[in-house]
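Okay, structure first, notes after.
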2 protein chains.
Amino acid sequence: MKDNNDMPGHLARRFQQIAVAVFLAEVGEAGFDLTPVQYAALATIKANPGLDQVTLAGLIAYDRTTITGVVDRLVQKGLTERRASSRDRRARELEITDEGRRTLRKITPAVESAQQKMLRGLSAKEGGDLMRLLRKAIAAGNELSRAPLREA
Amino acid sequence: MKDNNDMPGHLARRFQQIAVAVFLAEVGEAGFDLTPVQYAALATIKANPGLDQVTLAGLIAYDRTTITGVVDRLVQKGLTERRASSRDRRARELEITDEGRRTLRKITPAVESAQQKMLRGLSAKEGGDLMRLLRKAIAAGNELSRAPLREA
DNA sequence: TACTGATAGTCAGCATACTGAGCAATATCG
DNA sequence: CGATATTGCTCAGTATGCTGACTATCAGTA
């Protein structure tokens with residue numbers, strides 16, 4: 001009988017669970033109310049001004065149906081603007097607002113501290129190894145999920 | 001500017017996303033409709049007959065509020081029985097049904113094949129290293145989430 | 001025994017994630 | 001040009017997961 005601890009899928013869920021909890025705790029203590037998904041989306045919008053939702057989804061490997069709600073909430077919080085594209089009337093162009101920029105800047109230390117905390121218990125070398133192995137497994141499995149990573 | 005690929009939290013989400021997709025695909029091809037969470041719960045109920053929901057939650061590190069719905073669905077599918085405990089009238093004792101046992105037995109090859117597939121792209125040694133590092137990080141962060149692992 | 005605290009379970013509400021369907025607009029090709 | 005396919009987005013439905021609150025019950029103690 002295989003133990004749960006021998007199942008990469010189970011370990012993946014546990015690690016993700018802890019990662020999200022750490023992120024929310026650090027960011028919450030810093031006085032912000034932003035989820036990991038919202039943070040990644042906001043940072044990507046800032047780095048790629050005017051991008052459309054499908055491109056955003058591809059850059060961070062979200063499902064396109066998930067993006068709708070995430071962007072809804074970023075707009076609701078005043079961190080992002082969503083407007084119709086002039087080139088393609090199906091598409092929505094996304095821009096970060098000044099408020100969004102301010103939030104990103106102030107939240108960054110908490111985010112980085114969270115990334116550290118997730119790896120506590122591992123040496124620097126082990127942390128690097130873990131990330132390298134995850135990247136490799138993810139690259140090999142990229143096309144297996146409905147929301148693969150897509151380059152710009 | 002830190003890239004997403006340098007964030008363990010982001011890598012955790014991506015790996016988990018792929019792991020779930022692979023699981024559902026393999027299990028679906030085998031003709032079953034069972035999620036990773038439902039599978040883990042069912043296997044744990046089988047291994048610990050008569051356990052209550054809080055114990056089940058602890059053994060697989062779920063939140064107790066999530067367990068309610070998961071067990072609901074296992075009962076709905078006829079794979080599990082939930083009955084009031086005689087010792088403690090607050091608690092529910094969980095038992096696997098014959099149908100549940102049959103399902104577990106028939107689904108096992110698909111589950112194991114899924115675990116393999118998640119690690120494709122990694123050598124056997126790398127896969128072992130990844131699992132070891134994940135276990136270590138998880139052990140160190142166990143108490144950081146609302147649903148830590150609890151021994152029986 | 002009565003009070004106090006802890007525990008088992010559920011529920012409402014919110015935020016990911018996915019499937020599948022559908023609409024509107026654009027691209028492509030005969 | 002017109003039929004067809006594709007693309008961007010949204011929506012309905014379902015399943016995790018979480019927070020916080022609530023009920024019922026149990027356990028320990030004054």
Side-chain angles (χ1 to χ4, degrees), chain A residues 9-10 12-14 16-25 27-28 33-41 51-58 60-74 76-77 82-94 144-148 150, chain B residues 9-10 12-14 16-25 28 33-41 51-58 60-77 82-94 144-148 150:
Chain A
H10 180 78
R13 184 180 67 80
R14 294 275 287 119
Q16 221 271 337
Q17 177 185 55
I18 291 166
V20 171
V22 168
F23 185 101
L24 292 177
V27 165
D33 172 32
L34 213 63
T35 66
V37 171
Q38 288 165 18
Y39 170 80
L51 87 174
D52 64 288
Q53 295 187 187
V54 167
T55 304
L56 170 60
I60 45 189
Y62 293 8
D63 194 275
R64 70 188 190 288
T65 62
T66 304
I67 280 288
T68 299
V70 173
V71 172
D72 280 351
R73 285 179 282 277
L74 287 176
Q76 171 94 29
K77 291 177 182 178
R82 172 205 256 147
R83 43 168 201 274
S85 164
S86 47
R87 295 175 294 95
D88 184 338
R89 277 188 296 170
R90 291 168 303 181
R92 309 301 160 88
E93 283 175 1
L94 304 174
L144 299 179
S145 87
R146 178 166 132 162
R150 297 286 179 225
Chain B
H10 180 77
R13 185 181 65 81
R14 294 272 287 119
Q16 222 270 339
Q17 177 185 55
I18 291 167
V20 171
V22 168
F23 185 100
L24 292 176
D33 173 30
L34 213 62
T35 66
V37 171
Q38 289 164 17
Y39 171 81
L51 87 173
D52 64 288
Q53 295 186 186
V54 167
T55 304
L56 170 59
I60 45 190
Y62 293 7
D63 194 275
R64 70 187 192 287
T65 62
T66 304
I67 279 289
T68 299
V70 173
V71 172
D72 279 352
R73 286 180 281 278
L74 287 177
V75 170
Q76 172 94 30
K77 291 177 182 178
R82 173 204 257 146
R83 44 168 200 276
S85 164
S86 48
R87 294 175 296 95
D88 185 338
R89 276 188 298 167
R90 291 169 302 179
R92 310 300 160 89
E93 283 176 1
L94 304 174
L144 299 179
S145 86
R146 177 166 133 159
R150 298 284 179 228

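The structure displayed is predicted, hence computed values, not measured ones. Chain identifiers are assigned alphabetically (A, B, ...) following the order of the sequence lines, protein sequences preceding nucleic acid strands; residue numbering begins at 1 within each chain.
Taking a heavy-atom distance under 4.0 Å as the criterion, the stretch of DNA chain D touched by chain A extends 5' to 3' from dT7(D) to dC18(D).
Arg146(B) pairs by the side chain to side chain contact (heavy atoms under 4.5 Å, CB included) definition with Asp63(B), Arg64(B), Thr65(B), not counting sequence neighbours. A search for side chain to side chain donor-acceptor pair (under 3.5 Å) contacts involving Gln16(A) returns nothing, not counting sequence neighbours. Qualifying side chain to side chain donor-acceptor pair (under 3.5 Å) partners for Arg73(A), counting only residues two or more places apart in sequence or in other chains: none.
Interatomic distance, Ile60(A) CD1 to Ile67(A) CD1, rounded to the nearest 0.5 Å: 5.0 Å. Here Arg87(B) contributes atom CZ and Arg90(B) contributes atom CZ; the two are 10.5 Å apart, rounded to the nearest 0.5 Å.
Minimum heavy-atom separation, Arg82(B) to Val75(B): CB-CG2, 4.1 Å.
Each of Lys77(A) and Glu93(B) was matched to the nucleotide of DNA chain C holding its nearest heavy atom; the match closer to the 5' end belongs to Glu93(B).
Rounded to whole Å, the distance from OH on Tyr62(B) to P on dG9(C) is 16 Å. Here dA12(C) presents its P atom at 12 Å from CG of Asp72(B), a figure rounded to the nearest Å. The nearest whole Å value for the distance from the CZ atom in Arg13(B) to the C1' atom in dC18(C) is 13 Å. One can place CG of Asp63(A) at 7 Å from P of dT19(C), the figure rounded to the nearest angstrom. Taking atom CZ of Arg87(B) as the reference point, atom P of dG9(C) lies 10 Å away to the nearest angstrom.
A heavy atom lying under 4.0 Å from DNA chain D marks the following residues of residues 16-24 of chain A, by number: Gln17(A).
Listed pair Thr66(A) / dT16(C) fails the phosphate criterion, with no side-chain N or O lying under 4.0 Å from OP1 or OP2. Between dG9(C) and Arg89(B), no contact under 4.0 Å exists linking OP1 or OP2 to a side-chain N or O.
With a 4.5 Å cut-off on side-chain heavy atoms, Leu24(B) and Pro36(B) count as touching. Side chains of Leu56(B) and Val71(B) form a contact here, defined as non-hydrogen atoms less than 4.5 Å apart. Residues Ser145(B) and Val22(A) form no side-chain contact, since every pair of their non-hydrogen atoms from C-beta on lies 4.5 Å or further apart.
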Could you go through nucleotides 5-8 of chain C and list every protein N or O atom that sits under 3.5 Å from one of its N or O atoms, giving the distance for each pair?
residue, atom, partner, partner atom, Å
dT7(C), O2, Arg90(B), NH1, 2.4

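A donor-acceptor contact shorter than 3.5 Å links the side chain of Tyr62(A) to the backbone of Val37(A). The backbone N or O of Val27(A) lies less than 3.5 Å from no partner atom in the side chain of Tyr39(A), so there is not a single donor-acceptor pair.
Looking at heavy-atom distances under 4.0 Å, Thr65(B) makes contact with a base. As judged by a 4.0 angstrom heavy-atom cut-off over every strand, Thr68(B) is placed among the base-contacting residues.
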